[in-house]
**Q** 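The following block contains the structure, expressed as structure tokens.
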Amino acid sequence: MASDPTRSTDALQGGDERSNSVDMQLARLSAALGGQSLGDVYLRRVKRRALLRRGLGALAGAACVADVVVGPGHLSGDPRADIRTRHGETQQLALGARSTATLAPCSAIAFAAGGGRNAFTLLRGTVLVESRPDAASPFIQVATRAGTVRALAGDFMVRRDDGRTIVTTHDDMLTILPAHGPRLTLAAGHAIDLEPNGPGEQAIDWGLATSWRNGMLIVENGTLGDVVAGLAPYWRGALYITPRAARIRASGVFSLNDTRRSLTQLEEIFPVSIRHLPFGVVTINSLS
């Protein structure tokens, strides 16, 4: 998770200091959301309401936009993508006579030049591959900036986001060619981060890892930051969570088909305050 900001907005107090902090944080909010997109009138109204309430409790979520977890929002502009998915959209592609790839929301791939559909690059997001070799496509190859996965058969998943490249395999071993380091073999039922200094090979539950295919986000022994990162590709807007809120321990099952209900669920279960702002912006702030 992102580190705490220099002055944590979860603990702002004081009279004049409070007013100055509001000005400062509203400026940061405006910058983070594109300057004038919120409108000066709206910013003034937010400021007036905030100062009328006790402390900054009601505004903290709206103001804490530095060093936070943010949902994907810059995917569609990648000119290299041959196929991309939008927020909340999944897409299944035929890679051969029997092999398929399922793209999660906010994902993009580019096919290799002259390589057919059995070789492509994952530019961003998540792809789940079900590889069933045939004469025309004896293998499936997925390239990323951190390395290349080559599978003869079996199901595997590759996720590239937030500075990580995670490869997960279900029922067969995978051959991986890291961009840095020797060739490796990933055992069935394991996952590995291909980025330099990433976590080593770990056992995984395939059903939990691929629960998004069934419209569910299942988090076990994670954090609210993990939950928000999982919900972000399904929310048609931007999700912001403060560092303190992101560190709260969390487990649960959340709907990806009804993300508004899932956000309400967070507020019901965990010590956080959630604010819905214009243009699909949602802020999540710790109450403690």
Side-chain angles (χ1 to χ4, degrees), residues 1-3 32 65 67-93 101-110 120-129 142-149 156-169 174 176 178-180 186 190-202 204-206 208-213 215-220 222-241 243 245-247 250 254 256 259 262 280 282 284:
M1 283 302 130
S3 60
V65 297
D67 297 329
V68 296
V69 176
V70 182
H74 55 275
L75 172 64
S76 58
D78 196 328
R80 297 172 296 169
D82 291 313
I83 298 177
R84 60 173 62 89
T85 53
R86 296 170 295 183
H87 284 78
E89 176 190 18
T90 60
Q91 188 172 161
Q92 187 174 76
L93 314 169
T102 302
L103 270 66
C106 298
S107 300
I109 62 173
F120 59 87
T121 298
L122 177 64
L123 302 173
R124 181 179 176 86
T126 300
V127 61
L128 172 61
V129 175
V142 180
T144 72
R145 66 180 181 188
T148 300
V149 179
F156 67 95
M157 185 168 63
V158 184
R159 177 170 65 88
R160 178 187 169 188
D161 201 5
D162 298 327
R164 304 179 69 189
T165 303
I166 309 295
V167 179
T168 306
T169 181
L174 283 182
I176 302 177
H180 305 282
L186 182 63
H190 284 71
I192 192 170
D193 189 338
L194 298 185
E195 299 292 344
N197 302 317
E201 185 174 329
Q202 298 177 349
I204 55 94
D205 184 308
W206 181 255
L208 295 184
T210 60
S211 61
W212 57 269
R213 292 185 68 185
M216 295 186 298
L217 171 65
I218 303 176
V219 176
E220 283 191 344
T223 64
L224 278 189
D226 297 328
V227 176
V228 171
L231 294 176
Y234 295 82
W235 178 257
R236 296 184 183 279
L239 300 181
Y240 296 82
I241 182 170
R247 291 192 296 268
F254 307 91
L256 296 175
T259 47
S262 294
V282 173
I284 306 168

**Q** With a 4.5 Å heavy-atom cut-off, do Val167 and Leu174 have their side chains touching?
**A** yes
**Q** Are Val142 and Thr121 side-chain neighbours, meaning at least one heavy-atom pair lies under 4.5 Å?
**A** no
**Q** With sequence neighbours excluded, what pairs up with Arg213 under the salt bridge (Lys or Arg N to Asp or Glu O under 4.0 Å) test?
**A** Glu130
**Q** Leu128 versus Thr126: any side-chain heavy-atom pair under 4.5 Å?
**A** no
**Q** Under the salt bridge (Lys or Arg N to Asp or Glu O under 4.0 Å) test, which residues partner Glu220, sequence neighbours left out?
**A** none
**Q** Are Leu217 and Val219 side-chain neighbours, meaning at least one heavy-atom pair lies under 4.5 Å?
**A** yes
**Q** Looking at Thr210 and Trp206, would you say the former's side chain and the latter's main chain have a donor-acceptor pair under 3.5 Å?
**A** yes
**Q** How far apart are the C-alpha atoms of Val127 and Phe120, what are their side-chain angles, what is the distance that settles it, and do they pass the side chain to side chain contact (heavy atoms under 4.5 Å, CB included) test?
**A** CA-CA 11 Å; Val127 61; Phe120 59 87; 4.1 Å; yes
**Q** Are the side chain of Thr90 and the backbone of Ala104 linked by a donor-acceptor contact shorter than 3.5 Å?
**A** no
**Q** Could you grab the distance from atom CD1 of Ile166 to atom CG of Asp161, nearest 0.5 Å is fine?
**A** 10.5 Å
**Q** Would you compute the distance between atom CD1 of Ile241 and atom CD1 of Ile284 and round it to the nearest 0.5 angstrom?
**A** 5.0 Å
**Q** Which distance, rounded to the nearest 0.5 Å, do you find between the OG of Ser262 and the CE of Met216?
**A** 11.5 Å
**Q** Would you say the side-chain atoms of Trp235 pair up with the backbone N or O of His87, donor to acceptor, closer than 3.5 Å?
**A** no
**Q** Which pair of heavy atoms, one from Thr223 and one from Ala250, lies closest together, and at what distance?
**A** C-CB, 3.7 Å
**Q** First locate atom CE of Met157, then atom OG1 of Thr169, and finally report the distance between them rounded to the nearest 0.5 Å.
**A** 10.5 Å
**Q** If you compare all heavy atoms of Ala81 against all heavy atoms of Arg84, which two are closest, and at what distance to 0.1 Å?
**A** CB-NH2, 3.3 Å
**Q** How long is the straight-line distance from CG of Asp82 back to CG of Leu93, given to the nearest 0.5 Å?
**A** 10.5 Å
**Q** When you look at Trp212 and Thr102, which way does the side chain to side chain contact (heavy atoms under 4.5 Å, CB included) test go after all the steps?
**A** CA-CA 11 Å; Trp212 57 269; Thr102 302; 4.0 Å; yes
**Q** Just by distance, do the side chain of Arg160 and the backbone of Leu123 share a donor-acceptor pair under 3.5 Å?
**A** yes
**Q** Tell me whether Thr259 contacts the main-chain N or O of Leu256 through its side chain, where contact means a donor paired with an acceptor under 3.5 Å.
**A** no
**Q** Run the side chain to side chain contact (heavy atoms under 4.5 Å, CB included) test on Gln202 and His190 for me, step by step, so that the C-alpha distance in whole Å, both residues' side-chain angles and the decisive distance to 0.1 Å come before the verdict.
**A** CA-CA 5 Å; Gln202 298 177 349; His190 284 71; 5.8 Å; no
**Q** Is Thr168 close to Phe156 at the side-chain level, that is, under 4.5 Å between some pair of heavy atoms?
**A** no
**Q** Does Cys106 offer a backbone N or O that forms a donor-acceptor pair with the side chain of Thr85 under 3.5 Å?
**A** yes
**Q** Report yes or no: does Thr144 contribute a side-chain atom to a donor-acceptor pair with the main-chain N or O of Ala146 at less than 3.5 Å?
**A** yes
**Q** Do Leu186 and Glu201 have side chains that get closer than 4.5 Å, going by heavy atoms?
**A** yes
**Q** Which heavy atom of Ile192 sits nearest to which heavy atom of Gly200, and what is that distance?
**A** CG1-C, 4.1 Å
**Q** Looking at every non-hydrogen atom in both residues, tell me the closest pair between Leu122 and Gly125 and how far apart they are.
**A** CD2-O, 3.6 Å
**Q** At what distance, to the nearest 0.5 angstrom, does CD1 of Ile83 lie from CD of Gln91?
**A** 5.5 Å
